[in-house]
Number of protein chains: 2
Amino acid sequence: MREYRHPQITEVQLESVLYALSDPIRLSIVRQLAREGEASCAALENGRPKSSVSHHFRVLREAGIIKTRNDGTSRINELRDNELAEVFPGLLPAILAVRS
Amino acid sequence: MREYRHPQITEVQLESVLYALSDPIRLSIVRQLAREGEASCAALENGRPKSSVSHHFRVLREAGIIKTRNDGTSRINELRDNELAEVFPGLLPAILAVRS
DNA sequence: TCTATAGTTCGATATAATTCGAACAATAGC
DNA sequence: GCTATTGTTCGAATTATATCGAACTATAGA
């Protein structure tokens, strides 16, 4: 499967990041990635249809919040937390500090 | 005109705050309030139709981000930044620190 | 090659949000 | 009371998002 397009961190929009994280499902995905470091899409499905989950990953990816790489038939996702800290310092930590 | 309903700060949802701030118009309103302390709705209209601006103020108000009080025929808006800092410490500062 | 696994993409439907004009409400000042 | 000023609310049109099944792609392993 082809590689994904990830935006350069410098072209990531604050509005897009806030929008992506305003969805409960996407926020829970991000929280889980923060806890576990990285995870496949399947590990974050939680019984939802794959197509829905795939959509949410795409939103997170295009917003610049996660990075997805291929590993066999799986996609491994991880937060771009260090990069995000460069452009939006303190933002992700402030969000992740909120109790779910 | 009757008073507005403002949510208790403890019942403010992170998702709602992020969503409210993901709109460029609302974000610019919040930035202006952060700079100027408080302002009427008219001062933040920037040529847009009043009904649209009123809508955005309502979203910000119901998300728990601003407080609106009556002053004659005007409504004076201010950020609930101190309260927000109690429940989402560092969030608003991180957002406001981003260059517009 | 055949099959299972892991996701993506498409398409259709449903739901929600935005936008803005028009009508309305409340206050101030004359 | 009349008028101007400020904003709200309503309603309708447009646009955006979410959801999910079905078809598809790509890889791994037997």
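Reminder, nothing fancy here: chain letters follow the sequence lines and each chain counts from 1. Excluded from the calculations below are hydrogen atoms, water molecules and symmetry mates; all remaining heavy atoms, backbone and side chain alike, are included.
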Atom-pair distance ([atom1] on [X]; [atom2] on [N]), nearest Å:
X: A/N70; N: D/dA26; atom1: CG; atom2: P; answer: 11 Å
X: B/R69; N: C/dA26; atom1: CZ; atom2: C1'; answer: 17 Å
X: A/E3; N: C/dG7; atom1: CD; atom2: P; answer: 15 Å

With a 3.5 Å distance limit and no angle check, can you tell me whether [X] reaches the backbone of [Y] through a side-chain donor-acceptor pair?
X: A/D71; Y: A/S74; answer: no
X: A/S54; Y: A/S51; answer: no
X: A/H6; Y: A/T68; answer: yes

* Asked: Is the closest basic N to carboxylate O distance between A/R69 and A/E78 below 4.0 Å?
  ->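 Between A/E78 and A/R69 there is a salt bridge, with a charged N closer than 4.0 Å to a carboxylate O.
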* Output yes when A/E86 and A/R80 qualify as a salt bridge under the 4.0 Å nitrogen-oxygen rule, no when they do not. =>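 Salt bridge between A/E86 and A/R80, a charged N being under 4.0 Å from a carboxylate O: no.
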* Asked: Nearest to the side chain of A/V59, which nucleotide is it out of C/dG7, C/dT18, D/dA18?
  ->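 Comparing C/dG7, C/dT18, D/dA18 against the side chain of A/V59, the answer is D/dA18.
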* Asked: Where the side chain of B/T73 is defined as all heavy atoms beyond and including C-beta, which of D/dT8, C/dA26, D/dT27 is the nearest nucleotide?
  ->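 Nearest nucleotide to the side chain: C/dA26.
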* Non-hydrogen atoms of A/F88 and A/Q13 that approach each other most closely ->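 Looking at all heavy atoms of both residues, the shortest contact is CZ-C, 4.0 Å.
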* What are the two closest heavy atoms between A/A20 and A/I65, and how far apart are they? ->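 Residues A/A20 and A/I65, closest heavy atoms: CB-CD1, 3.7 Å.
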* Asked: In residues 44-58 of chain A, which ones come under 4.0 Å of DNA chain C, going by heavy atoms?
  ->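 Here the set is A/K50, A/S51, A/S54, A/R58.
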* Taking DNA chain C as the partner, which of residues 13-34 of chain A come within under 4.0 angstrom of it by heavy atom? ->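 None, since no heavy atom is under 4.0 Å.
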* Asked: Do you know which of A/R58, A/R61, A/E62, A/R75 makes side-chain hydrogen bond (donor to acceptor under 3.5 Å, both in side chains) with A/Y4?
  ->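 The side-chain hydrogen bond (donor to acceptor under 3.5 Å, both in side chains) with A/Y4 is passed solely by A/R75 among A/R58, A/R61, A/E62, A/R75.
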* Using a cut-off of less than 4.0 Å, is there contact between a side-chain N or O of B/Y4 and OP1 or OP2 of D/dG7? ->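 No.
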